[in-house]
Peer 1: 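A single structure is presented below for examination.
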Amino acid sequence: MPGIRWPAALAAAVAVIVVAGAAFALSGAEVVQMRRAAFDEMAQVLQFAARNWREPSAYPDIARAARIIERDARSLTDLFPAGTGASDGYRTAALDAVWSDRQGFDQLANRLAEQAAGMTTVSDATSQDQIKEGLVGIIGTCKACHRDYRAN
């Protein structure tokens, strides 16, 4: 995808965390760094999709962007373990509400993953209205999460 850097190291690291689970312990700072990288990656590919949704030649790249968002959104519940918030001494924009309202946070992360999954099949046959609708949903979920769980 032109203009987008693909942090393969992030994908590999998230996969290791998910697969290894408690086999090894990452420091809280490492977890915070990984979730920042996941959010940065999602923001980057979402911005690409938002800039290019009217361009049919970009649809395969938009589908790839959606796969990245889906993958990263599915990792979010693992990237916010207890003890990695600002009140625990970490430099993070995550509000304590992530942990005090864990069910709500997890629901938004899962909604984002499902919305992105719905866009992974974008193709030349997909209408602009469908792409716009999918992006509006994803952006709305991002905004809801930022409103409730992220410090400005």
Side-chain angles (χ1 to χ4, degrees), residues 1-21 26 28-81 84-86 90-95 97-99 101-152:
M1 212 177 306
I4 293 183
R5 289 174 263 127
W6 298 100
L10 171 65
V14 169
V16 167
I17 287 175
V18 172
V19 172
L26 291 174
E30 290 168 326
V31 172
V32 170
Q33 184 178 17
M34 289 179 65
R35 69 182 178 224
R36 271 193 207 117
F39 283 120
D40 288 347
E41 183 178 45
M42 285 191 287
Q44 187 176 25
V45 298
L46 183 56
Q47 289 167 3
F48 171 85
R51 283 192 312 268
N52 294 284
W53 68 273
R54 290 182 184 94
E55 184 57 50
S57 65
Y59 289 3
D61 290 331
I62 290 172
R64 279 193 288 277
R67 284 191 290 278
I68 291 167
I69 294 169
E70 178 189 11
R71 179 200 66 213
D72 289 351
R74 291 198 191 285
S75 75
L76 291 179
T77 56
D78 294 326
L79 291 176
F80 283 87
T84 60
Y90 294 101
R91 196 177 129 242
T92 178
L95 295 173
V98 169
W99 296 276
D101 180 24
R102 190 53 190 244
Q103 182 178 9
F105 176 80
D106 289 352
Q107 285 175 344
L108 284 175
N110 291 327
R111 180 187 311 159
L112 178 61
E114 291 305 315
Q115 289 169 320
M119 292 195 61
T120 61
T121 58
V122 167
S123 69
D124 295 341
T126 308
S127 75
Q128 282 186 356
D129 288 342
Q130 289 172 302
I131 294 173
K132 181 181 177 183
E133 181 180 320
L135 290 173
V136 166
I138 288 171
I139 292 167
T141 299
C142 292
K143 286 181 178 181
C145 192
H146 287 205
R147 179 193 66 230
D148 296 342
Y149 302 105
R150 184 175 190 267
N152 293 328

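Predicted model only: the values in this text are computed from it and were never measured.
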Peer 1: Just verifying a value: how many Å separate S75 OG and E70 CD, rounded to the nearest 0.5 Å?
Peer 2: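 Output value for this atom pair is 11.0 Å.
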
Peer 1: By side-chain contact (heavy atoms from CB on, under 4.5 Å), which residues pair with A50, not counting sequence neighbours?
Peer 2: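 Scan of A50 (side-chain contact (heavy atoms from CB on, under 4.5 Å), adjacent residues dropped) gives none.
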
Peer 1: Residues two or more places apart in sequence or in another chain: which of them pass side-chain hydrogen bond (donor to acceptor under 3.5 Å, both in side chains) with S123?
Peer 2: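 Checked S123 against side-chain hydrogen bond (donor to acceptor under 3.5 Å, both in side chains); zero matches.
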
Peer 1: Please list all pairs passing the salt bridge (charged side-chain N to carboxylate O under 4.0 Å, His left out) test where one or both residues lie in residues 108-125, with sequence neighbours left out.
Peer 2: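 Sorted result for residues 108-125: R74-E114.
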
Peer 1: Could you measure the distance from the CG atom of D61 to the CZ atom of F48? Nearest 0.5 Å is fine.
Peer 2: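 D61 atom CG to F48 atom CZ measures 4.5 Å (nearest 0.5 Å).
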
Peer 1: Quick one: side-chain hydrogen bond (donor to acceptor under 3.5 Å, both in side chains) pairs with a partner in residues 136-152, sequence neighbours left out?
Peer 2: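 Output for this query lists D101-Y149, Q115-T141.
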
Peer 1: For Y59, check side-chain hydrogen bond (donor to acceptor under 3.5 Å, both in side chains) against everything at least two apart and list the hits.
Peer 2: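 Per chain and number, Y59 pairs via side-chain hydrogen bond (donor to acceptor under 3.5 Å, both in side chains) with no residue.
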
Peer 1: Enter the distance from C142:SG to L112:CG here, rounded to the nearest 0.5 Å.
Peer 2: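 If I round to the nearest 0.5 Å, the distance is 5.0 Å.
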
Peer 1: Side chains of residues 103-110: which donor-acceptor partners sit under 3.5 Å, not counting sequence neighbours?
Peer 2:
residue, atom, partner, partner atom, Å
D106, OD1, R102, NE, 2.8
N110, ND2, D106, O, 3.1

Peer 1: Taking only residues two or more places apart in sequence or in another chain, which ones pass side-chain hydrogen bond (donor to acceptor under 3.5 Å, both in side chains) with Q130?
Peer 2: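 Q130 satisfies side-chain hydrogen bond (donor to acceptor under 3.5 Å, both in side chains) with S127 once adjacent residues are dropped.
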
Peer 1: To the nearest 0.5 Å, what is the distance between CG (D40) and CG (D72)?
Peer 2: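 That separation rounds to 10.5 Å.
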
Peer 1: Does any donor atom in the side chain of R35 or T84 lie under 3.5 Å from an acceptor atom in the other side chain?
Peer 2: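 Yes, side-chain donor-acceptor contact under 3.5 Å.
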
Peer 1: With sequence neighbours excluded, tell me which residues meet salt bridge (Lys or Arg N to Asp or Glu O under 4.0 Å) with E30.
Peer 2: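 Partners of E30 under the salt bridge (Lys or Arg N to Asp or Glu O under 4.0 Å) test: none.
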
Peer 1: So how far is it from R71 CZ to T120 OG1, rounded to the nearest 0.5 Å?
Peer 2: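 Nearest 0.5 Å value for the CZ-OG1 distance: 13.5 Å.
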
Peer 1: Can you tell me how far CD1 of I69 sits from CG of L46, rounded to the nearest 0.5 angstrom?
Peer 2: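 Atom-to-atom, L46:CG and I69:CD1 are 4.5 Å apart.
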
Peer 1: If the condition is side-chain hydrogen bond (donor to acceptor under 3.5 Å, both in side chains), which residues does E133 pass it with, not counting sequence neighbours?
Peer 2: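 side-chain hydrogen bond (donor to acceptor under 3.5 Å, both in side chains) list for E133, sorted by chain: empty.
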
Peer 1: Ring pair (Phe, Tyr, Trp, His ring centres under 6.0 Å): which pairs involve residues 60-79, sequence neighbours left out?
Peer 2: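 Sorted pair list comes back empty.
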
